[in-house]
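Chain A is the first sequence line, chain B the second, and so forth, proteins listed ahead of strands; every chain is numbered from 1.
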There are 2 protein chains.
Amino acid sequence: MQLKSLRLLMGVAETGSFVATAQRLHTVQSNVTAHIKKLEDELGVQLVNRSGHVRLTTAGMALAEYAERMLSAHDEAVSLFKGDKVAGSRLRIGAMETTTALRLPPILAAFHGAYPEVDLQLQTGPTASLVERLTEGLVDCVFVAGRLDHPHYHLEKVFSEELVLVSSTPMLAMPSTEELLTATFLAFRQGCSYRQRIELLLAYCGVSAARIFDLGSLDAMLGCVAAGMGYTVLPRTTVEAHQHRFGIHCLVLPAPIAQVDTYFAAAQPATWTPALARFVDTLRQVAASDTCRSESGGG
Amino acid sequence: MQLKSLRLLMGVAETGSFVATAQRLHTVQSNVTAHIKKLEDELGVQLVNRSGHVRLTTAGMALAEYAERMLSAHDEAVSLFKGDKVAGSRLRIGAMETTTALRLPPILAAFHGAYPEVDLQLQTGPTASLVERLTEGLVDCVFVAGRLDHPHYHLEKVFSEELVLVSSTPMLAMPSTEELLTATFLAFRQGCSYRQRIELLLAYCGVSAARIFDLGSLDAMLGCVAAGMGYTVLPRTTVEAHQHRFGIHCLVLPAPIAQVDTYFAAAQPATWTPALARFVDTLRQVAASDTCRSESGGG
DNA sequence: ACCCCTTGATCACATAACAAGATAGCTTAC
DNA sequence: GTAAGCTATCTTGTTATGTGATCAAGGGGT
């Protein structure tokens, strides 16, 4: 059984004529006859009544119901890949907590505004877990810190954060080792890459352990820091954006520690669904405008 | 896009191997490659990730959902015509009121007992209306009185009733014309063919008009006749079956009026769905056993 | 009642699509 | 490093498909 035959059958059902069906579906009448005949031979049932006016038989109508299902599924599938519509698509995005909180909202908003039909699913987790989910096909794309070691993956640097040390008091240089040993650090919850950076910073300063508090929200973190509760490490642009609301000061960290690149990772572009391709388009646009804004705003 | 290709794609999705898929679906590996490749070219998307272990890409999984729908619809359709299952079938039967009341119950019961999955739909109406519905494809088969004049239809005589005149008092001959003129006749509701027979009978006896009451049920009719309310005309076997419950007597009518043949009409057998074919089987069996019983019982 | 027009079936032929086998290139595991 | 297993590619013979021409049948109009 071929989809082409079913389409011709539906044509016959609708037009009640082999000739008209042939014209409508851009072929010739003998072709319609042949296809219908082949269907009939295959199923061992007469599908079309040719005596008098052409009309589907009971069996033909029964088959037509299934043909309808098959063809509509086919058309949906084709339009999903070839058409401009992304309706019915699903897009599963994996991202780190910090990325989700700090970078994704405008991107998701822009994408959802442009393609509201896409079923967006967001999963958060640490980089290692995200990569695993990507390789297992549980998500379609991920935002992760640092380059993926996996080959055969499409990688794209989308965000480049410059981390700064945030405190309630002005700083000219890194706090002393003694200060750091007794200080409290505020971070997003476990698994966050910024938190790892804090630990990296502490190690860099010769401090092996410090108190690190988990806070769920950016506002909470900045508020606590402003209240003198401790330090935190955040992207410079984020801090600058909220600096007018909190009495906080920041210190540029050494480059190797400060620099945090967030990569967008997915399978090769050739494997992308249109929905994913559109998402990447949106992502690039938003990321580009973000860069402009932060560059002009930060200058 | 071809169903065959989709089936191979599903095979690859399940086995994770082109070779295994080829074996499972009784073809060769190069065929699987070719089909998948053609699908990919057609949709402009890579569906299978061949680097490392073979696995569907995001796009492949998206297509697989639609493939699932198409293939299951296809399989259902095929099994409807080729398999032994009639699940999901619909059977629309048209029948006259009297046939529905007197003959169909055992047939429908037998059929429904044997094929409970079939969605049975029964429509009642007079012969002309039924024939119209059959030609319009609104029902799959009908039980009608008398031969269909329409050609190209499958006709089968299934019931042959011998009508008798029923009264509360014993009769040796037809009532007199005077008696008939004042008498009341009881019949099923308008459109019933037995009612037409009553009118035919009256015309035969030279009576142009008589009072005819519509009663909805057989029991009501026989009860009223037994109470001396009037006459009715019913099949001999029906009357004999109920004779022990009512004090009624019957008179054999002249052959041309007494003989009422009920025909089963449907499109040509070649156009029958399996459900319809099974119904005809059941119908013949029940009709045959009915004949035996009535013959032995009536002798 | 006749003729004409339209419709679907059939046939022959050219082309395209397909399945199968052999081989080459690549990856993975030992 | 080698061997085994996998997929891509190529070739070939066969099948399937699309097309146009022709034939038979039915319906409508005169």
*Nearest whole angstrom, please: distance from the C1' of C:dC18 to the CZ of B:Arg7.*
18 Å

*Quick one: is B:Thr27 getting a side-chain N or O under 4.0 Å of the C:dA19 phosphate, OP1 or OP2?*
no

*Could you state the atom-to-atom distance from CD of A:Glu42 to C1' of D:dT17 in whole Å?*
14 Å

*Take atom CG of B:Leu25 and atom P of C:dA20, then tell me their distance rounded to the nearest Å.*
12 Å

*Which comes earlier along DNA chain C counting from the 5' end, the contact point of A:Gln2 or that of A:Ser17, where each point is its nearest nucleotide?*
A:Ser17

_Are there over 12 heavy-atom neighbours, none belonging to B:Glu68, within less than 6.0 Å of that residue's CD?_
no

*Check: B:Glu156 side chain, B:Phe264 main-chain N or O, donor-acceptor pair, under 3.5 Å*: no

*Base, sugar-phosphate, or nothing: which does B:Val54 touch, judged by heavy atoms less than 4.0 Å apart?*
sugar-phosphate

*When every nucleotide of nucleotides 21-30 of chain C is labelled 5' to 3' by its protein contacts under 4.0 Å (heavy atoms), B for base, S for sugar-phosphate only, - for none, what sequence of letters results?*
B------S--

*Rounded to whole angstroms, how far apart are CG on B:Asn49 and C1' on D:dA8?*
15 Å

*Report yes if at least one side-chain N or O of B:Lys38 is closer than 4.0 Å to OP1 or OP2 of C:dA17; otherwise report no.*
no

*How long is the line joining CG of A:Asp41 and P of D:dT17, in whole Å?*
12 Å

*Short question: side chain of B:Gln23, backbone of B:Phe18 - any donor-acceptor pair under 3.5 Å?*
no

*D:dG18 phosphate, OP1 or OP2: any side-chain N/O from A:Lys4 under 4.0 angstrom?*
yes

*Between B:Thr33 and D:dT9, does any side-chain N or O lie under 4.0 Å from OP1 or OP2?*
no

*Is there a donor-acceptor pair under 3.5 Å between the side chain of A:Trp272 and the backbone N or O of A:Ala267?*
yes

*Can a donor-acceptor pair be found between the side chains of A:Ser72 and A:Glu76 at a distance below 3.5 Å?*
no

*Below 4.0 Å: OP1/OP2 of D:dG18 and any side-chain N or O of A:His35*: yes

*Could you check how far CD of A:Glu40 sits from P of C:dT10, rounded to whole Å?*
11 Å

_Touch class at under 4.0 angstrom, heavy-atom based, for A:Val19 against every strand present_ = sugar-phosphate

*Donor + acceptor pair across side chains of A:Arg7, A:His74 (<3.5 Å)*: yes

_Distance check needed: C:dA20 P versus B:Gln23 CD, whole Å only._
13 Å

*Indicate yes or no for a side-chain donor-acceptor contact from B:Asp140 to the backbone of A:Thr58 under 3.5 Å, with no hydrogens or angles considered.*
no

*Whole-Å distance separating the NZ atom of A:Lys37 from the P atom of D:dT17*: 14 Å

